[in-house]
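These notes concern the structure reproduced below.
Numbered from 1 within each chain, the chains take letters A, B, ... in sequence-line order. Values reported hereafter were calculated over all heavy atoms of this structure, with side chains retained and with hydrogens, waters and symmetry mates removed.
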There are 2 protein chains.
Amino acid sequence: MAGSPEKRRQRASGSVPKAVISRLSLYLREIQLWERDGKETISSTQLGKLLGFTDAQVRKDFAYFGQFGYPGIGYRCTELTAAIRGILGTDRPWLVALVGCGNLVQALMGYRGFADRSFQIVAAFDSDPAKIGQTLAGRRIEPLASFREVASKLDIRMVLLAVPATVAQEVVDGLVASGVTGILNFAPVTLSLPRTVQVIGVDLAIELEQLAYAVEQSRS
Amino acid sequence: MAGSPEKRRQRASGSVPKAVISRLSLYLREIQLWERDGKETISSTQLGKLLGFTDAQVRKDFAYFGQFGYPGIGYRCTELTAAIRGILGTDRPWLVALVGCGNLVQALMGYRGFADRSFQIVAAFDSDPAKIGQTLAGRRIEPLASFREVASKLDIRMVLLAVPATVAQEVVDGLVASGVTGILNFAPVTLSLPRTVQVIGVDLAIELEQLAYAVEQSRS
DNA sequence: CTGTGTGAAATACTTCACAGCA
DNA sequence: TGCTGTGAAGTATTTCACACAG
């Protein structure tokens, strides 16, 4: 049925399961590869099979946000990717600052063209005097003490945090006071923050533990 | 009540919610920091507050695996961490190989002592002739072609995969044929694998998308 | 036919609330 | 009193199954 354009993206916001959102990113990644093979449409069954989900799950997930499909056809890739990007908010650019410019961040900068340019690195900070003045991701590394000033000038709201665990909370308190509302945290600690600030943590040790458990279980 | 020792770790295995397992790793990380402050016991309320969970959730999570607590006291940190490690399988060492030795893996090697030594890097592989012979994580980088031989000699079952997305599936097919049963995948693609092989994917772009969505939602 | 969208049914997971131990 | 362990109740999420569209 595919709904008229104005019917789409109704954003029943309050009630979207969190798990749906995490699948949305996977769908997006998969459809982009599918398109790269020259295919114009994809069905819920095909998309589900690629990711190990049921077709019903795929349809239900999209249904939270409107009607994107065409009965008998499936979903048009270009429409669907645009819709998903709109939902996630990655149809507009996000300005990101790097805080803590060690090896990890340096390595990540080369990685997957930084999410198709939705995320733009506009500044880099470190508190190590030896690093200040060096270049990372095309930006001069600034002293952390100047974060507030630079962030408010550039209107930075999102930060990639990769400082040592021992100082992460104290650094983050300063970031929040400077207006940051989103943090991707690579330090292996839980940050305590006001509810207005969103955090996603990435911890290699945790991922490995989860993998160990999964491997152990599967031998039964 | 704390159950007699032989009552513990009954592992009602089949029915443990997946979400419980992911919290177990968080509990472990938190309790270890708590212990480092010299505290010997922790209550479900205290642990929950640190992570933003309810006390009931914490108790229920542990209850899936037995009785670890002492009414009126809480949980003894050393006992609880040992129990969680036992459940996750990280009380024994895991031999891990690095496949793809680019910047990312090099950076990760310095990170959080590689999970308290449960995970030991025992070999490193790359298909780039320029990298072969170099040293990473104390190991000589070997040609990928020799993976099968080395892996079966050392009995390697777990791999940290960080090769370009375009070759990830083909590389992984070789790894699986060589007996690998657990893969931590840094390539931004979904791997297709037999059900006997476990994968956990880590994709920076996906984490950033999830963060963008969370930030956007919280402004309402 | 193929394939979407969606109520209704089935699961899965979380929170409540309280008995009982130290 | 302080805190665990746990059935029962309440929510959330997934799967089913089918009406309907191209």
Side-chain angles (χ1 to χ4, degrees), chain A residues 1-5 7-24 26-27 31 34 39-77 79-80 83-84, chain B residues 1-5 7-24 26-27 31 34 39-77 79-80 83-84:
Chain A
M1 172 189 290
S4 51
K7 198 179 167 191
R8 304 192 173 185
R9 183 103 58 80
Q10 50 198 218
R11 194 73 75 82
S13 211
S15 57
V16 181
K18 231 181 61 167
V20 171
I21 304 303
S22 66
R23 284 191 297 268
L24 245 31
L26 294 171
Y27 295 144
I31 299 162
W34 186 263
K39 290 154 181 159
E40 294 192 348
T41 65
I42 191 165
S43 71
S44 57
T45 311
Q46 291 169 322
L47 185 49
K49 198 162 292 169
L50 289 168
L51 288 159
F53 305 145
T54 66
D55 57 328
Q57 173 107 84
V58 173
R59 291 197 300 278
K60 196 69 133 179
D61 284 349
F62 294 146
Y64 281 103
F65 304 97
Q67 312 198 141
F68 305 106
Y70 300 85
I73 306 285
Y75 301 86
R76 298 204 200 290
C77 295
E79 288 178 10
L80 191 52
I84 296 174
Chain B
M1 170 189 290
S4 51
K7 197 179 169 191
R8 304 190 176 189
R9 183 103 56 82
Q10 51 198 215
R11 193 73 74 81
S13 213
S15 56
V16 182
K18 232 181 61 169
V20 171
I21 304 304
S22 66
R23 283 191 298 268
L24 245 32
L26 294 172
Y27 295 144
I31 300 162
W34 186 262
K39 290 154 182 158
E40 293 193 347
T41 65
I42 190 166
S43 71
S44 56
T45 310
Q46 291 169 323
L47 185 48
K49 198 162 292 168
L50 289 169
L51 288 158
F53 305 145
T54 66
D55 57 327
Q57 173 106 82
V58 173
R59 291 197 301 277
K60 195 71 139 186
D61 284 348
F62 295 146
Y64 282 102
F65 304 97
Q67 313 198 140
F68 305 105
Y70 300 86
I73 306 286
Y75 301 86
R76 297 203 200 289
C77 295
E79 287 179 11
L80 190 52
I84 296 173

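When the P atom of C:dT2 is taken as reference, atom CD1 of A:I73 falls 13 Å away, rounded to whole Å. Between the C1' atom of C:dT6 and the CD atom of A:Q67 lies a distance of 10 Å, rounded to the nearest Å. For the pair A:F53 CZ and D:dT14 P, the interatomic distance rounds to 9 Å; values are reported in whole Å. The CG atom of B:D55 sits 10 Å away from the C1' atom of D:dT4 (whole-angstrom rounding). Across the protein-nucleic acid pair, A:Q57 atom CD and D:dT14 atom P stand 5 Å apart, rounded to whole Å. When rounded to the nearest whole Å, the span between CG of A:L47 and C1' of C:dG3 equals 14 Å. Taking atom CZ on A:R59 and atom C1' on D:dT14, their separation rounds to 13 Å, with Å as the unit. Atoms CZ (A:F65) and C1' (C:dT6) sit 16 Å apart, rounded to a whole Å.
For residues 44-57 of chain B, every residue pair satisfying the salt bridge (Lys or Arg N to Asp or Glu O under 4.0 Å) rule, not counting sequence neighbours, is listed here: B:D55-B:R59.
Considering only side-chain atoms of B:S43, the nucleotide from D:dT6, D:dC3, D:dT15 that sits closest is D:dC3. In this structure, of C:dC16, C:dT6, C:dG20, it is C:dG20 that holds the atom nearest to the side chain of B:P71. Distances from the side chain of A:A56 to the nucleotides C:dC16, D:dC16, D:dT4 place D:dC16 closest.
In terms of phosphate contacts, A:Y75 brings a side-chain nitrogen or oxygen within less than 4.0 Å of OP1 or OP2 of C:dG5. One finds no side-chain N or O of A:R23 lying less than 4.0 angstrom from the OP1 or OP2 phosphate oxygen of D:dT13. Close to C:dT4, at under 4.0 Å from its OP1 or OP2, lies a side-chain N or O of A:S44.
Under the 4.5 Å side-chain criterion, counting only non-hydrogen atoms from C-beta, B:Y27 is not in contact with B:L80. Annotation: side chain of B:T54 is not in contact with side chain of B:T45 (no heavy-atom distance under 4.5 Å). A 4.5 Å side-chain heavy-atom check between B:F68 and B:I84 finds every atom pair outside the cut-off. The shortest distance between side-chain heavy atoms of A:P17 and A:Y64 falls below 4.5 Å.
Residue contacts shown for A:F62 are absent, as no nucleic acid heavy atom lies under 4.0 Å away.
In terms of position along DNA chain D, the nucleotide closest to A:V20 lies nearer the 5' end than the nucleotide closest to the other residue of the pair A:G72 and A:V20. In this structure, B:K60 and B:T45 both approach DNA chain D, and ranking their closest nucleotides by distance from the 5' end singles out B:T45.
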